[in-house]
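Quick caveat: nothing in here was measured; it's all calculated off a predicted structure. Order of listing sets the numbers, starting from 1, for every ligand and every atom in it. Residue indices begin at 1 and follow the sequence shown.
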Amino acid sequence: MLERTLAIIKPDAVKKQVIGDIIKHYESTGLHPVSIQMMSLTKRVAEGFYAVHRERPFFESLTSFMTSGPVVVLVLEGEDAIKRNRTLMGATDSAKAEPGTIRAAHGTSIEENAVHGSDSPETAHFEIGYFFPAMDLT
Ligand code: ADP
Ligand code: MG
């Protein structure tokens, strides 16, 4: 099924200057960018985005990290885009990410793991609407 998913190239990856390499991973696996915006998240925007993790012990650290520098927010479109992007990203902990994945190539730790990707159709709908409210979500 043709789907859309939300991806974020996180501040660690932007600092490493691997935006181009990460977009190459997406394009070479048939995940086509249909919207892209580079921006610096405010703490409030980062907290709203990660609201599901509000009670987790790493919430404060995660939202500080996500506001530590600019990010690139993308909507990717492709067949089974949500699941396929999760596979392409690799495990949350970069040290455990499978070879060939974006996190294996560019992640540093369990927190500084280069990319975000929606984990279900419901989250993709929320996350795309969060950053691209003008987008047609039907
Ligand atoms: P994923 O991004 O793989 O979906 P989660 O949704 O579980 O992972 O967590 C969201 C983000 O929070 C992770 O990508 C990572 O940046 C950070 N994170 C997750 N677990 C930890 C942890 N134990 N310690 C610090 N940061 C974490
Ligand atoms: Mg997640």
Return all side-chain donor-acceptor pairs below 3.5 angstrom for residues 91-100, not counting sequence neighbours, or 'none' if the list is empty.
| residue | atom | partner | partner atom | Å |
| --- | --- | --- | --- | --- |
| Asp93 | OD1 | Ala95 | N | 3.1 |
| Ser94 | OG | Ser109 | O | 2.8 |
| Glu98 | OE1 | Ala91 | N | 3.3 |

Ring geometry between His106 and His25 (parallel below 30°, tilted from 30 to 60°, perpendicular above 60°):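 Ring orientation of His25 relative to His106: perpendicular.
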
Tell me, with the steps shown, if Lys15 and Ser68 meet side-chain contact (heavy atoms from CB on, under 4.5 Å). CA-CA 10 Å; Lys15 285 193 189 91; Ser68 66; 3.5 Å; yes

Is there a side-chain contact (heavy atoms from CB on, under 4.5 Å) between Glu127 and His116? Walk through the geometry before answering. CA-CA 11 Å; Glu127 293 178 352; His116 168 85; 2.9 Å; yes

Using a 3.5 Å cut-off on N/O to N/O, what pairs does ligand 1 make with the protein? A line per pair would be great.
| residue | atom | partner | partner atom | Å |
| --- | --- | --- | --- | --- |
| ligand 1 | 2 (O) | Arg103 | NH2 | 3.0 |
| ligand 1 | 3 (O) | Arg86 | NH2 | 3.2 |
| ligand 1 | 3 (O) | Thr92 | OG1 | 2.6 |
| ligand 1 | 3 (O) | Arg103 | NH1 | 3.0 |
| ligand 1 | 3 (O) | Arg103 | NH2 | 3.4 |
| ligand 1 | 4 (O) | Arg86 | NH1 | 2.9 |
| ligand 1 | 4 (O) | Arg86 | NH2 | 3.1 |
| ligand 1 | 6 (O) | His53 | NE2 | 3.0 |
| ligand 1 | 8 (O) | Thr92 | OG1 | 3.4 |
| ligand 1 | 14 (O) | Lys10 | NZ | 2.9 |
| ligand 1 | 14 (O) | Asn113 | ND2 | 2.9 |
| ligand 1 | 16 (O) | Lys10 | NZ | 3.0 |
| ligand 1 | 16 (O) | Glu111 | O | 2.8 |

Would Val115 end up clustered with Leu74 when hydrophobic side chains under 4.5 Å apart are linked, directly or stepwise?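 Yes, Val115 connects to Leu74 through the hydrophobic network.
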
If you look at every heavy atom in Phe49 and Tyr130, which pair is closest and at what distance?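 In this case the closest contact between Phe49 and Tyr130 is N-OH, 3.3 Å.
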
